[in-house]
Amino acid sequence: MKKMNATLAMVAACAVGAQAAVSLPDLFGDHALVQRDAATAVWGRGDPGERVTVTLGGARAEATTEADGWWLVRLDTSKLKDGPFTLVAKGASNEVTSQDILVGEVWLAAGQSNMEFTMKGGFGPVMDYKARAAACVGRPIRMFKLARRHEKAPIKGDAKGTWRVVSPETLGSVTAVGYTFIDTLQRAIGGAAGVVDISWSGTRCWAWMPRERIDAVPELKAERLRQEELIAKGEGAKVRKPVIRCWNNQFFPVSQMSCRGVIWYQGCCDSGLRDARHVYPKWMSYMVAEWRREMKRPDIPFLYCQLAGWGPAEKRPDADPSRAGLREGQRRAQKIIPHSAMAVILDNSEYEIHGRFKGPAGDRLASLALNRVYGRADVPCASPDYAVAEFQGDGANIRFAIDGSPLKAGPIRTTFTWNAKSNDVIRLERRSSPASELEGFTIRDGAGAWHWADAKITGPDTVRVWAADAKNPTAVRYNWGCQGFGNLYNAAGLPASCFTTED
């Protein structure tokens, strides 16, 4: 009997020890920032069926833990000031608190290495690092970096990572595009603001989709099966970034998060795609649709960077590098993805793929957010975008969508930097004639040959393009190559996107 009682006592003790205390993921840890909204999501774990009460300032909500051990509440934070506050989650047997919580504007940042690139990264600090560091003191900006994991199934809610209070000491380790974006945005709107960074270097667009979407696209399903076959054979080293890894480990853990919108910088690893100008916008639209479905936010803003230039400047007018096609695909994507917009950054580039000109990228994304999301009509945000071509005589008239800001010729670019560490300068030779107002255009004649072209602005939204040897022209390209060298801008100083009039 004594032995049985001892056994029962041990079982009871183990049962008590096995109870799951109420807990919060790192996303809601000390120094966190939560979205100011009427229904801000906060979640955590507990015992199945346990009643959990969550408070933040004057906001309070209750929930019952589901059978899988997760609970979620929605707090009305719309009336809360910036803070700081204490976040308290209280269950039947314990409570957990997080200190120094701010309430403000939260943006989700994703993509690959050019989003992950830090303010003081391995390729050298961003170009305006010292000025940004000096100006960050005392700012109510918080930055979260999600930890990398390698699970084969989607991770629900367990968002591990670190919140950083921005200061000159911490600034160097946070996403450069994400920080320059939120820095510019916060200056304009005031209040607390921050970024949750889920980027993962070297990832392709499809890695951010769920398996069912991948398998609905024949070429993506074939790639998934190829990768799984290599892994099964012990040749996993050949699979650099397995498909769906980012969906499982990066996006899904934060998919319930309340935020104002998404910023995205990816495409480098898809720039070798065959026919990227048709394929990439399709894949990107699938990815955004899946994110919005999972977030239950069908209209969440999705703002993204077009690829910056990298590599050599083209020497032949008929050059057709795949990365130019990828940029064209990105340009077309914004036309088929609702509530999306693209920042053009091809005028800020180096030979190195990880250029240090992250300030302009973040600033232009912030302008898009201010205008399109926060209703600041006084903030110009749209680059001139190709609309239609009319071939007339031995030239072409190209009309642009200008969003109220007329076309303007900027300085003609004569150099670019070799890479972020060496600072070696490479000279750019003129492609057009010395008398041409605009650089960067090529034109295709009736026989199919491409020529470097002269061009001039002929109206607020119109450019005339021609070449002496291009008879009966049939197509025009602009800034079509690895490197950006065109000088077509609008009056607000935003560069025109590269484009082709083909198909």
What I'd like to find out is whether the side chain of [X] reaches to under 4.5 Å of the side chain of [Y], using heavy atoms alone.
{"X": "Val217", "Y": "Arg213", "answer": "yes"}
{"X": "Val126", "Y": "Phe117", "answer": "yes"}
{"X": "Thr500", "Y": "Trp480", "answer": "yes"}
{"X": "Val42", "Y": "Leu24", "answer": "yes"}
{"X": "Tyr265", "Y": "Leu307", "answer": "yes"}
{"X": "Asp158", "Y": "Arg149", "answer": "yes"}
{"X": "Leu494", "Y": "Ser405", "answer": "no"}

Under 3.5 Å, is there a donor-acceptor pair between the side chain of [X] and the main chain of [Y]?
{"X": "Glu105", "Y": "Arg260", "result": "no"}
{"X": "Asp26", "Y": "Gly161", "result": "yes"}
{"X": "Asp76", "Y": "Ala61", "result": "no"}
{"X": "Gln35", "Y": "Thr40", "result": "no"}
{"X": "Glu350", "Y": "Arg356", "result": "yes"}
{"X": "Thr184", "Y": "Phe181", "result": "no"}
{"X": "Arg292", "Y": "Ile300", "result": "yes"}
{"X": "Arg323", "Y": "Ser271", "result": "no"}
{"X": "Thr175", "Y": "Met115", "result": "yes"}
{"X": "Asn490", "Y": "Ala382", "result": "yes"}

Pairs flagged by ring pair (Phe, Tyr, Trp, His ring centres under 6.0 Å) wherever residues 208-238 is involved - sequence neighbours left out
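Checked against ring pair (Phe, Tyr, Trp, His ring centres under 6.0 Å) - neighbours excluded - the pairs reaching residues 208-238 are Trp208-Trp264, Trp208-Trp291.
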
Tell me the closest heavy-atom pair linking [X] and [Y], and the distance in Å.
{"X": "Gln306", "Y": "Ser497", "value": "NE2-OG, 3.2 Å"}
{"X": "Ala276", "Y": "Ser322", "value": "CB-O, 4.4 Å"}
{"X": "Ala63", "Y": "Val73", "value": "CB-CG1, 3.4 Å"}
{"X": "Ala333", "Y": "Met284", "value": "CB-SD, 3.9 Å"}
{"X": "Asn348", "Y": "Ala308", "value": "O-CB, 3.8 Å"}

Please set out all donor-acceptor pairs under 3.5 angstrom arising from side-chain atoms of residues 249-258, sequence neighbours excluded.
unit_1, atom_1, unit_2, atom_2, d
Asn249, OD1, His150, N, 3.3
Asn249, OD1, Glu151, N, 2.7
Asn249, ND2, Glu151, O, 3.1
Asn249, ND2, Arg245, O, 2.9
Gln250, NE2, Ile198, O, 2.9
Ser255, OG, Phe252, O, 2.9
Ser258, OG, Ala41, N, 2.9

Would you check, one step at a time, whether the test side-chain contact (heavy atoms from CB on, under 4.5 Å) holds for Lys120 with Leu171?
CA-CA 8 Å; Lys120 201 173 182 179; Leu171 186 64; over 6 Å; no

With sequence neighbours excluded, give me every salt bridge (Lys or Arg N to Asp or Glu O under 4.0 Å) pair touching [range].
{"range": "residues 274-286", "result": "Glu219-Lys282, Arg277-Glu502, Arg277-Asp503"}
{"range": "residues 166-183", "result": "Arg132-Asp183, Arg139-Asp183, Asp183-Arg187"}
{"range": "residues 82-92", "result": "Arg36-Asp82"}

Salt bridge or not for [X] and [Y], using N-O below 4.0 Å?
{"X": "Asp197", "Y": "Arg164", "answer": "no"}
{"X": "Glu66", "Y": "Lys156", "answer": "no"}
{"X": "Glu290", "Y": "Arg293", "answer": "yes"}

About how many Å separate [atom2] of [Y] and [atom1] of [X], when rounded to the nearest 0.5 Å?
{"X": "Gln330", "Y": "Cys498", "atom1": "CD", "atom2": "SG", "answer": "8.5 Å"}
{"X": "Leu80", "Y": "Leu75", "atom1": "CG", "atom2": "CG", "answer": "8.5 Å"}
{"X": "Ile214", "Y": "Arg224", "atom1": "CD1", "atom2": "CZ", "answer": "7.5 Å"}

Run the ring-ring contact (aromatic ring centres under 6.0 Å, His included) test against [X] and tell me which residues pass, sequence neighbours left out.
{"X": "Tyr286", "answer": "none"}
{"X": "Trp163", "answer": "Phe144"}
{"X": "Trp283", "answer": "Trp206"}

Test side-chain contact (heavy atoms from CB on, under 4.5 Å) on Thr170 and Val174; report intermediate values, then the result.
CA-CA 7 Å; Thr170 63; Val174 303; 5.6 Å; no

Which class fits the ring pair Trp107 and Tyr374: parallel under 30°, tilted 30 to 60°, perpendicular over 60°?
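Ring orientation of Trp107 relative to Tyr374: tilted.
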
Please enumerate all residues that pass salt bridge (Lys or Arg N to Asp or Glu O under 4.0 Å) together with [X], with sequence neighbours excluded.
{"X": "Glu328", "answer": "Arg331, Arg332"}
{"X": "Asp299", "answer": "none"}
{"X": "Arg211", "answer": "Asp215, Glu228"}
{"X": "Lys152", "answer": "none"}

Should we count NZ of Lys79 as having more than 12 external heavy atoms under 6.0 Å?
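Atom NZ in Lys79 is not packed in, count stays at 12 or less.
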
I would like to know whether Arg45 and Val22 meet side-chain contact (heavy atoms from CB on, under 4.5 Å); could you show each step before the answer?
CA-CA 5 Å; Arg45 304 203 72 170; Val22 169; over 6 Å; no

What residue among Leu56, Leu33, Asp37 forms side-chain contact (heavy atoms from CB on, under 4.5 Å) with Val103?
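The single option meeting the side-chain contact (heavy atoms from CB on, under 4.5 Å) with Val103 is Leu56.
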
Criterion salt bridge (charged side-chain N to carboxylate O under 4.0 Å, His left out) on Arg226 and Glu229, from CA distance to verdict
CA-CA 5 Å; Arg226 185 191 70 83; Glu229 182 181 358; over 6 Å; no

Any side-chain donor-acceptor pair under 3.5 Å between Gln112 and Ser201?
no

Distance only, no hydrogens: is a donor on one side chain within 3.5 Å (strictly under) of an acceptor on the other, for Gln483 and Ser349?
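Gln483 vs Ser349: donor-acceptor pair found between side chains.
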
Do Leu72 and Trp70 pass the side-chain contact (heavy atoms from CB on, under 4.5 Å) test, and can you show the C-alpha distance, the side-chain angles, and the key distance before you say yes or no?
CA-CA 7 Å; Leu72 182 146; Trp70 288 97; over 6 Å; no

